[in-house]
Amino acid sequence: MPTSEVDFGLAALSDQLILGAVLLYVLAMIGYALELAFATRRVNQAKQGKRRVLVGAGGAEDESVAAEAAGGEAKHGWALRAGTAGLVVGWLGWAANLAAILTRGLAVDRWPWGNMYEFVVAMCFAAVTAFLIMQIRFPVRFLGAFVFVAAMLGLGFAVRYLHVQAGPVVPALDTYWVAIHVSAAILASGLFILAGVAGVLFLIRKDGLSRLPTRAELERVAHRAILVAFPVWTFAIIAGALWADRAWGRYWGWDPKEVWSFITWIGYAAYLHAWTTAGWKGKKATIVQLVAFAALMFNLFGVNIFIGGLHSYADVG
Amino acid sequence: MAETTTDRKPGMTVKPPGGGGLGATGWLRWGWRTLTSMRTALVLLFLFAIGSIPGSLIPQRGVADDMVAKHFRDNPELSTWLDRLWLYDVFQAPWFAAIYLLLFLSLVGCVIPRTGVHLKELRRKPPAAPRNLGRLPHHASFTAATSVEEVASRLRKRRFRVATGPGWVAGEKGFLRESGNLLFHISLLGLLFAVGAGSLYGYRGNVLLVEGDGFSNTVAAYDRYLPGVQVSAESLSPFSFTLKEFQATYIVEGRQRGQALDFEADLRVTDEPGGPERDFKLKVNEPLDSGGTMTYLLGNGYAPSFTVTDGKGQVAFDGPVPCLTADKATFASECVIKVPDAEPEDLGFLIRFLPTSVKMKDGTYASAFPAQINPEVEVWAFSGDLGMDNGTPQSVYELNSDKLKPLLMQGKPVVGHGVAPKSVDAAPKAPAGEQAAPLQVGQSLDLPGGAGKITFTGVKEWVTLQTTYDPGRLPALIASVLAVAGLVLSLSIRRRRVWVRLTEAKEGDATVVEVGGLTRTEGGDAAFAGEFDDIVRALGARPAENAGDTDAHE
Ligand code: HEM
């Protein structure tokens, strides 16, 4: 039987760690922003860049990375260092975020995603994790400033508007299904956030010289993130259906949450579909991606706060 | 669809053939082609998603009936219109069905020809090498002592499908991409059939049980019963059980005081008539499974017990009364007792049940906690004709007091259950003093004018249960897992080709090996570059030699 024991010391520590994480994310963002602002500009159109002739597929790529063609001028050393500092501080913030989640979980002796606050905190963590891991393998440092803005806003919103004291959950949530279903949804959402950030930048970015990364780079990041996130999201929905079958006696009942996760799924499926088959890339594909992202966000905030339904365990603080 | 987008230019649509004189078959063919085209599928897909939106924003019958009723009361005109468009039953609406039927028709029309094409492709040899390997996106050349057979076997070892010719080798792999894609679409079809079978051959029933009550799985035992079209009353699996006890545990202290921690219903189950009995603890995420029919714990509440003695001194009512929970946080509940057997006149009672009764500053009573720590009831009594013998069905939770004579009122008026405010005003106030306090277990209240007596004899709890039988659930699960597996394959695997041409070197007995690679998946080149390097190395190139020459396009 679940207990109502809460370790208030740990819970308070968790709250402090979250504040620490927000602060570190702000610093990381500043570091990245400095790098972005004072480093070399990038050319969006590939006109003066060298362009390879491609045989067969891939020839449709209308923009290519041509940063190096912009004269090869050296980046300002200190701007680079600011970026590196941003990265280091970002990792520290990540560690604080992780520690906050762990201490909260230990304080209440359950998986720490039982309400909106915990869910949003974990989602921001997933987004930052996705970015930090991605930047080890791929050159996506240029996204840093924006990812940390998003994470900072998300955590800030959670602390200010969603925070509830650590405590036990209602019987419906006292099950290992939380670990399966919600974890998958969090992981997928984190990646979708990364893709969403890249997508918004894609739309903002004008042609020509800019300090923002090129559209091709942004698009590649978004596509990669969605490619990973989509199966995870699918898994989350299926796990959700399995859980609904255990808890509510049916696996699909068009509950508002189910409807919107389905819409989100369709949106991202359409994005991937369009990318491979219909040859929709660039702006059109990005708009589809952002529509799906809007559905994801509506599902998280809109449905929990305004609509409710069977899923309304969210305990919005 | 017959043409895949690979062999059709993007943006091209299927046009009706010919000018004016197009026969019926021509139109049919055109219609079928249009229906099964990628673009139509995408449009239908979007329509499907958009069509489900109103279902999440407007309350739906069967999910939130009370909200639907409220809509009708608040906006009669608008709601009639919404109802005409089936917007209160979106997921049963003909237009919604039309979308998904068209979508799946489109899916069938697409999957069948594509499966054929794919099966043929699986048997086809990789195409011969193009003339100029240097123009392929991935390219390398080196010299090494090797031969066509050697290269072919190395490629085979890397699980390439290989064809050879004089001086060249062609390899291809990644067919699982299309297999996965087909698996995905076929599984979606399977999912539709599973869901359909479930709703035809399954049923759902709801029942409320008070502690001590028994239930046996028959149509008559349900308070609400929703069978599929193909379900007959005899096909219900013949289990039965008794609800021995129900326990709810709540948080006692702190901010979350009163929040439930655990619900547990102790059942004594018999899976078939005459079979052995077993104990089962029914919990929120742990349904009872009896021969594939599942029973779920949905809700709980209180059923205080009463004995009513009428004006002639006879016991006219004795037993528990399930109450509606008026306040979920404190379980303050409202109950109705109807005693049509009372003499000389029918008696009716409205009861307010307070599981943890406390006296407020203003002298009224309220419940302070959901568990029964100090259970008390406030009683309103009426006499007159309950109208129960004229055949019109009545809710057991409502007492229409309009035509009844108020006998006695304790505490605050119960708002809600059919009590018109005018009868409240007409009600005689309870005599001051002891009687104004709510009843505790064991206490009785004499009705004025010798109309009888009501005794609060104890408290039981009730649970609401749902029983579901859905033969489609396992097939649906299998279909969706296969769909995901197919999806992962089709998203993660690249179709790729490698060609190798071997020519004698001008001097020495080494061979000049030229390798070209191509991936047919857009955007896959970057990821393929690494694999291509590996292949080149496996064919015998030394790292330094091919390093500068292999290039992906970035
Ligand atoms: C519920 C409906 C559908 C869903 C959710 C869906 C989803 C998907 C997904 C996620 C992919 C993988 C995209 C990729 O390979 O990158 C895909 C591929 C594909 N779908 Fe669908 N689809 C649906 C209906 C249809 C229909 C009706 C057709 C045919 C008329 C169709 C034709 C295709 C084709 C041709 C591909 C292959 C893409 C490739 O070349 O790799 N789809 N679909």
Side-chain angles (χ1 to χ4, degrees), chain A residues 1-4 6 52-58 60-61 64-65 164-165 167-168 170-172 174-175 177 220 223 227 230-231 234-235 238 241-243 245-256 259-260 262-263 266-267 269-270 272-281 303 307 309, chain B residues 4-5 10 38-39 42 45-46 48-49 52-53 55-57 60 63 90-91 135-137 195 204 249 251-256 259-263 283-287 294 296 298 466-468 470 473 476-477 480-481 484 487-488 491-492 518-526 551 553-554:
Chain A
M1 213 193 52
T3 63
S4 58
V6 175
R52 295 205 172 86
V53 182
L54 301 178
V55 182
E61 196 116 332
S64 77
V65 190
V164 287
Q165 250 168 49
V170 293
D174 179 32
T175 161
W177 282 108
R220 209 166 302 131
H223 185 244
L227 217 50
F230 185 69
T234 314
F235 173 78
I238 293 182
L242 280 169
W243 187 5
D245 187 50
R246 296 292 294 172
W248 301 330
R250 86 289 186 294
Y251 54 85
W252 194 268
W254 297 107
D255 181 71
V259 170
W260 284 92
F262 171 70
I263 292 170
I266 294 281
L272 291 173
H273 212 128
W275 175 286
T276 3
T277 52
W280 274 24
K281 284 205 179 166
V303 173
I307 301 186
Chain B
T4 67
T5 30
M38 192 70 231
R39 182 163 304 205
L42 279 180
L45 199 65
F46 267 123
F48 194 46
S52 62
I53 293 179
S56 77
L57 301 180
Q60 298 291 297
V63 179
V90 167
F91 303 107
R135 291 186 53 192
L136 291 176
V195 171
R204 207 168 73 201
T249 322
I251 300 176
V252 196
E253 281 179 340
R255 184 190 69 93
Q256 288 171 295
Q259 182 197 297
L261 274 178
D262 195 30
F263 299 123
K283 291 184 164 222
V284 172
N285 283 297
E286 294 161 34
M294 313 295 278
Y296 302 84
L298 288 193
Q466 174 167 309
T467 299
T468 340
D470 182 353
R473 47 210 278 278
L477 173 63
S480 38
V481 168
V484 179
L487 196 58
V488 169
L491 290 179
S492 61
L518 179 64
T519 171
R520 281 178 35 180
T521 311
E522 291 188 41
D525 289 277
D551 60 59
H553 66 292
E554 23 173 34

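Reminder, nothing fancy here: chain letters follow the sequence lines and each chain counts from 1.
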* Asked: So what's closer than 4.5 Å to chain B heavy atoms on A:Trp252: side chain, backbone, both or neither?
  -> neither

* Asked: B:Val284 and A:Pro171: which non-hydrogen atoms are nearest, and at how many Å?
  -> CG2-CB, 4.0 Å

* Indicate yes or no: at least one non-hydrogen side-chain atom of A:Tyr251 is less than 4.5 angstrom from one of B:Leu477. => no

* Mind checking side chain to side chain contact (heavy atoms under 4.5 Å, CB included) for B:Phe91 and listing every partner two or more places apart, or none if nothing turns up? => A:Trp254, A:Val259, B:Ser52, B:Gln60, B:Phe96

* **Interchain contact, B:Val195 with chain A, by part (heavy-atom threshold 4.5 Å)** => both

* Heavy-atom distance under 4.5 Å between the side chains of B:Thr468 and A:Arg250, does that happen here? -> no

* **Non-hydrogen atoms of A:Pro168 and B:Ile251 that approach each other most closely** => CG-CD1, 3.3 Å

* Asked: Do any N or O atoms from the side chain of B:Asn285 and from the backbone of A:Arg246 form a donor-acceptor pair under 3.5 angstrom?
  -> no

* Structure fact -> Most heavy-atom pairs under 4.5 Å with chain A, out of B:Val90, B:Ile53, B:Leu298, belong to B:Ile53

* Structure fact -> By side chain to side chain contact (heavy atoms under 4.5 Å, CB included), B:Val488 pairs with (sequence neighbours left out) A:Pro231, B:Val484, B:Ser492

* When rounded to the nearest 0.5 angstrom, what is the spacing between CD1 in A:Ile266 and CZ in B:Phe48? -> 7.0 Å

* Given a strict heavy-atom distance threshold of 4.5 Å, which part of B:Ser56 is in contact with chain A: side chain, backbone, both, or neither? -> both

* Asked: Is the shortest distance from a Lys or Arg side-chain nitrogen in A:Asp245 or B:Arg473 to a carboxylate oxygen in the other one below 4.0 Å?
  -> yes

